[in-house]
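Reviewing the structure listed below.
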There are 2 protein chains.
Amino acid sequence: MQKIDETQTDSQLNRSRWKQNPDAVRRDILRVATQEFAAHGLSGTRMANIAAKTKTSKRMIYYYFGDKEGLYGQVLEALYAAVRQGEDQLDLAMLPPVEALQKLVVFTFDHHCQHPDFVRLVMIENIHHAKYLRTSEIIRQLNKSAIEKVQDICRRGQQDGVFRDDVDALKLHWHISSMAFFNVSNRPTFSEVFGDRLWISEEQENLRALVVDAVVGSVLKSNAKLPTAKKSK
Amino acid sequence: MQKIDETQTDSQLNRSRWKQNPDAVRRDILRVATQEFAAHGLSGTRMANIAAKTKTSKRMIYYYFGDKEGLYGQVLEALYAAVRQGEDQLDLAMLPPVEALQKLVVFTFDHHCQHPDFVRLVMIENIHHAKYLRTSEIIRQLNKSAIEKVQDICRRGQQDGVFRDDVDALKLHWHISSMAFFNVSNRPTFSEVFGDRLWISEEQENLRALVVDAVVGSVLKSNAKLPTAKKSK
DNA sequence: TCGAAAATGTTCGTCTCGGTTAATTATATA
DNA sequence: TATATAATTAACCGAGACGAACATTTTCGA
């Protein structure tokens, strides 16, 4: 009774009553579950609601994912993996350190903006004290690769003599992440109180430039001050 | 059967089997509910669990607070009000703008560290798209007062000619809040992946100094560069 | 072509959880 | 002291949610 697949044509599918397509079913479930968990949290999400928005049934969710927490864990992993894909396309090793850092900050900022579901899932994980993230080696590896990019930039910046010697890659990563993350995670409360002026596109560009300046400024040796990134058009 | 009050002596209370003390009961419920909501989120919190950790019963929670969401809302307000009390003791108007800003950043950073439950409740609010915050005028006022402090500093800094003319108080507030907030809110995931090195007290001091430098640096006119805050002892 | 295994459909049990009802005890006040 | 009202208790309820049992269909290799 189900038309599961989205990539294949109907003619391939509807010869009989329904066609099996485990991979598509899995992906479909994961897609919907991501939205639901991001929207309602772990305990707030109803398995029946996920099933309803899926092209398949609740039965299949348990068949493939065991239980709610298993599903949640896999959603988390899939989301991290997707984020990683984007990150890897960044070619920072070729750029001189300051430009590489600028590019990384811009990317991180935009990336969080473009993946609000990811941000929300991480928020939820934090509420749960990173309980599920803790069990996933995949996610750990993913984040390691993120910090390695920063470490490489730091090393090169210090070699070139443009970065301060006491720059700490981990703190730098913290610095970048904090603003990129907060900008998405706390938008509801912030804009509820102060209005959403900061989230019109022009102001977001300004904020991004502010972040770039703040981050780059914090690692540069105080003598060599670069021209600031463009503040507004 | 209940010993409700903590401030009064037993002799005042236990003359008979139990003594009524509505205010103490309310406070007790709020105290426990704050912990529970902060720990498990809105839908994750069980009313029965709150009741169990309270000196009173589940029935009383409904008696005083109506329902779960009503309780949650009052928890939120009470927490904001408590936080506000601390904030107002800051005397920034007396200080020259740069020092005032430094002091404000240090305070904000420490303040978030010292009120993790508050931070967690705000996270939860954001997950719920600030649904409950929206209904509370008290909370709105509290945040307004926070931004006014920043606006005053900005105005004076620009008058004195040490701040750049394009400094935006709202962005500055965003800038400060982002790091102070993230430092607490995302500690679980961050330290799960990268270790908790950044949260030993010495490194927290360094981070705080980094934040001060980044924030102050972003508002100063580029010519007049102040001595950086102490990086480590 | 046949049968086993994988995938899906259908239905139901059980337990949790938010919220309520009815009865009991303390307090205030006249 | 009597009585109305506020505070408190214990038991209970119905909805709904997770997950499992059982049945059926599809696929694929021997």
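Proteins get letters first, then strands, A, B, ... in listed order; numbering begins at 1 in each. Everything quoted here is computed from the prediction, not taken from an experiment.
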What is the distance, to the nearest angstrom, from the CG atom on D28(B) to the C1' atom on dT8(D)?
14 Å
Report, as a single string ordered 5' to 3', how protein heavy atoms within less than 4.0 Å touch nucleotides 14-21 of chain D: B base, S sugar-phosphate only, - not at all.
---SBB-B
Closest approach of V150(B) to A169(B) (non-hydrogen atoms, all atoms of both residues)
CG1-O, 3.5 Å
Taking salt bridge (Lys or Arg N to Asp or Glu O under 4.0 Å) as the cut-off, I'd like each qualifying pair that reaches into residues 110-130 of chain B, sequence neighbours left out, listed once.
D110(B)-R208(B)
Short side-chain N/O contact to dT8(C) OP1/OP2 from S57(A), under 4.0 Å:
no
Output every pair passing ring pair (Phe, Tyr, Trp, His ring centres under 6.0 Å) with a member in residues 52-74 of chain B, not counting sequence neighbours, ordered by first then second residue.
F37(B)-Y72(B), Y72(B)-Y132(B)
Measuring to OP1 and OP2 of dT9(D), would you say a side-chain N or O of T56(B) lies under 4.0 angstrom away?
yes
In whole Å, I'd like the distance from the CE atom of M60(A) to the C1' atom of dT26(D).
12 Å
Sugar-phosphate only, base, or nothing, as touched by Y64(A) at under 4.0 Å among non-hydrogen atoms:
sugar-phosphate
Does L90(B) offer a backbone N or O that forms a donor-acceptor pair with the side chain of K103(B) under 3.5 Å?
no
Does E137(B) have more than 12 heavy atoms from other residues, nucleotides or ligands lying within 6.0 Å of its CD?
yes
When the distance from CD1 of I50(B) to C1' of dC17(C) is rounded to whole Å, what number comes out?
12 Å
Below 4.5 Å, heavy atoms only, C-beta onward: do D168(B) and W174(B) meet side chain to side chain?
no
Give the rounded distance in Å between these two atoms: OH of Y63(A) and P of dT26(D).
15 Å
What is the distance, rounded to the nearest whole Å, between atom OH of Y72(B) and atom C1' of dG18(C)?
18 Å
